[in-house]
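What follows is a set of notes on a single structure, which appears directly below.
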There are 2 protein chains.
Amino acid sequence: MEQEITDILKQSQLSITDNRLKILKLFQNNDKALSHADIEKLSGKHFDRVTIYRTLQTFVDKGIIHTIPTADNSIMYALCKEACSEGHHHDDHVHFLCDKCGTTYCLDNVNIPAVNIPKGFSAHQTNVLVNGVCKNCK
Amino acid sequence: MEQEITDILKQSQLSITDNRLKILKLFQNNDKALSHADIEKLSGKHFDRVTIYRTLQTFVDKGIIHTIPTADNSIMYALCKEACSEGHHHDDHVHFLCDKCGTTYCLDNVNIPAVNIPKGFSAHQTNVLVNGVCKNCK
DNA sequence: TAAATTTTGCAACCTTGTTGCAAACCAATA
DNA sequence: TATTGGTTTGCAACAAGGTTGCAAAATTTA
Ligand SMILES: [Mn+2]
Ligand SMILES: [Mn+2]
Ligand SMILES: [Zn+2]
Ligand SMILES: [Zn+2]
């Protein structure tokens with residue numbers, strides 16, 4: 001397990017630091033998306049705010065995590081499970097936000113449906129965000 | 001035209017003020033979504049920042065405009081065209097963000113496709129945001 | 001018109017995110 | 001293992017975006 005985490009960093013050609021190991025572990029131990037604020041709390045305020053911002057950005061750049069657009073204008077981050085790499089994300093799944101507990105889930109098995117856009121427009125990427133009540137809050 | 005705008009405010013039981021008339025007119029004259037910053041520029045800095053924030057929030061509450069979640073974490077606002085009312089929005093259409101010009105469109109005629117969510121989850125609302133190139137930038 | 005209510009502008013504040021830079025750290029080499 | 005060079009970190013300072021309390025101004029009601 002510990003080994004896995006260092007491997008992910010090595011494969012992305014990132015140096016192994018306490019900070020990166022701890023933040024990556026947080027994502028692996030939580031089966032949901034995390035915000036910058038979540039990470040600040042979960043890490044016990046051990047790391048500087050700025051370092052967390054930079055680490056998250058690095059992970060996004062390297063294809064380790066992806067961002068999730070939310071209706072309330074906060075950025076959420078979650079582990080990439082498909083074959084994402086530096087500069088190329090392929091996180092084509094639906095995201096679910098529970099209105100009761102606030103948890104954001106990656107529905108990795110739910111594909112993005114096709115959308116008919118008008119003539120003249122050309123689509124590049126589609127984001128689908130579903131709000132509702134999750135399995136734990138039902 | 002001028003009459004229409006005051007009617008909208010009256011129907012929502014809002015006092016008629018210069019501020020509200022001007023902001024509402026901006027939405028009617030622009031066939032695209034506007035951000036707080038857009039409104040500040042378009043209004044010629046005539047109104048206070050805070051007043052614009054409060055006016056937008058009031059319009060959202062009254063069902064006059066709706067917010068659009070964007071991938072770049074900025075809030076966009078657009079006129080509601082369907083029968084939205086205080087506390088009840090029904091803006092079930094797809095939104096399109098042009099990667100070239102940055103314009104956000106309401107695709108009012110493109111319905112939200114059905115999404116199969118897993119058992120245990122119950123959906124309440126679905127947001128679909130498509131990125132790509134718009135008809136003007138093609 | 002006058003009173004009651006609502007809206008506005010201002011100042012002050014908060015949250016979130018960014019940048020420059022020196023110190024600390026990590027990885028590679030001798 | 002010690003040295004070295006490049007990378008990462010923490011700090012301070014800053015900037016954008018957004019909120020709150022309150023008195024003055026504007027609007028609605030009577
Ligand atoms: Mn995801
Ligand atoms: Mn819309
Ligand atoms: Zn829940
Ligand atoms: Zn365009």
request  = Test for a donor-acceptor pair under 3.5 Å between the base of D/dG18 and the side chain of B/Arg54, counting only N and O atoms.
outcome  = no
From CD1 of B/Ile52 across to P of D/dT19 the rounded distance in Å is 13 Å
- Message: Please confirm whether the shortest side-chain N or O distance from B/Thr17 to OP1 or OP2 of C/dT8 is below 4.0 Å.
- Response: yes
Rounding to 0.5 Å, atoms NE2 (A/His95) and OG1 (A/Thr70) come to a distance of 11.0 Å
Between the side chains of B/Asp61 and B/Thr58, does any donor sit under 3.5 Å from an acceptor?
no
Q. Does a sphere of radius 6.0 Å around NE2 in A/His46 hold more than 12 heavy atoms from other residues, nucleotides or ligands, not counting ones at 6.0 Å or beyond?
A. no
Comparing nearest nucleotides in DNA chain C, the 5'-proximal residue of the pair B/Val50, B/Leu14 is B/Leu14
Testing C/dT8, D/dT27, C/dT16 for proximity to the side chain of A/Tyr53, the answer is C/dT16
Check this for me: A/Asn116, atom CG, are more than 12 non-hydrogen atoms of other residues, nucleotides or ligands nearer than 6.0 Å? no
- Examine the base of D/dG10 for any acceptor or donor lying under 3.5 Å from a partner atom in the side chain of A/Arg49, and report the outcome as yes or no. no
From CZ of A/Phe47 across to P of C/dA24 the rounded distance in Å is 17 Å
Sorted by number, residues from residues 60-67 of chain B placing a heavy atom under 4.0 Å from DNA chain C are none
Picking from C/dG9, D/dG18, D/dT9, the nucleotide nearest the side-chain atoms of A/Arg20 would be D/dT9
Problem set entry | Donor-acceptor side-chain pairing of A/Thr55 and A/Asn19 below 3.5 angstrom | yes
- Item | Side-chain donor or acceptor of A/Ser12 paired with backbone N/O of A/Leu9 under 3.5 Å | no
- Task: Please confirm whether B/Tyr77 and B/Phe59 have ring centers closer than 6.0 angstrom.
- Result: no
Considering only heavy side-chain atoms of A/Ile16, the closest of D/dG17, C/dA27, D/dC11 is C/dA27
Here the distance between atom C1' of C/dC25 and atom CG of A/Asp48, to the nearest Å, is 15 Å
| field | A/Asp31 atom CG: more than 12 heavy-atom contacts under 6.0 Å | value | no
- Task: Describe, in one word, how the ring planes of A/His36 and A/Tyr53 are oriented to each other, choosing from parallel (under 30°), tilted (30 to 60°) and perpendicular (over 60°).
- Result: parallel
Inset, instruction - For the residue pair B/Ile65 and B/Leu34, establish whether any side-chain heavy-atom pair is separated by less than 4.5 Å. - result: no
When every non-hydrogen atom of B/Val130 is compared with those of A/Val115, the smallest separation belongs to CG2-CG1, 4.4 Å
message: Can you see if the side chain of A/Thr51 gets near the phosphate of D/dT8 - specifically, an N or O under 4.0 Å from OP1 or OP2?
response: no
When rounded to whole Å, the NZ to C1' distance for the pair A/Lys22 and C/dC25 reads 18 Å
Here the distance between atom P of C/dT7 and atom CZ of B/Phe59, to the nearest Å, is 11 Å
Winner on side-chain proximity to B/Ser15, out of C/dT6, C/dT16, C/dT8, is C/dT6
What residues 95-105 of chain B contributes to the DNA chain C interface at heavy-atom separation below 4.0 Å is none
Of C/dT8, D/dG10, C/dG17, the nucleotide closest to the side chain of A/His36 is C/dG17
Between CG of B/Leu56 and C1' of C/dT8 the distance, given in whole Å, is 15 Å
* Is it true that a side-chain atom of A/Asp7 and a backbone atom of A/Glu4 form a donor plus acceptor pair closer than 3.5 Å? -> no
Determine the interplanar angle of the A/His90 and A/His88 rings, folded into 0 to 90°, and report it as parallel if under 30°, tilted if 30 to 60°, perpendicular if over 60°.
parallel
Rounded to 10°, the angle between the first-five-pair and last-five-pair axes of the helix from C/dT1-D/dA30 to C/dA30-D/dT1 is 30°
Separation of D/dA24 atom P from B/Asn19 atom CG, nearest Å, is 21 Å
note: B/Gln13, atom CD; C/dT5, atom P; distance rounded to Å ~ 16 Å
Winner on side-chain proximity to A/Asp18, out of C/dT8, C/dG9, C/dC26, is C/dC26
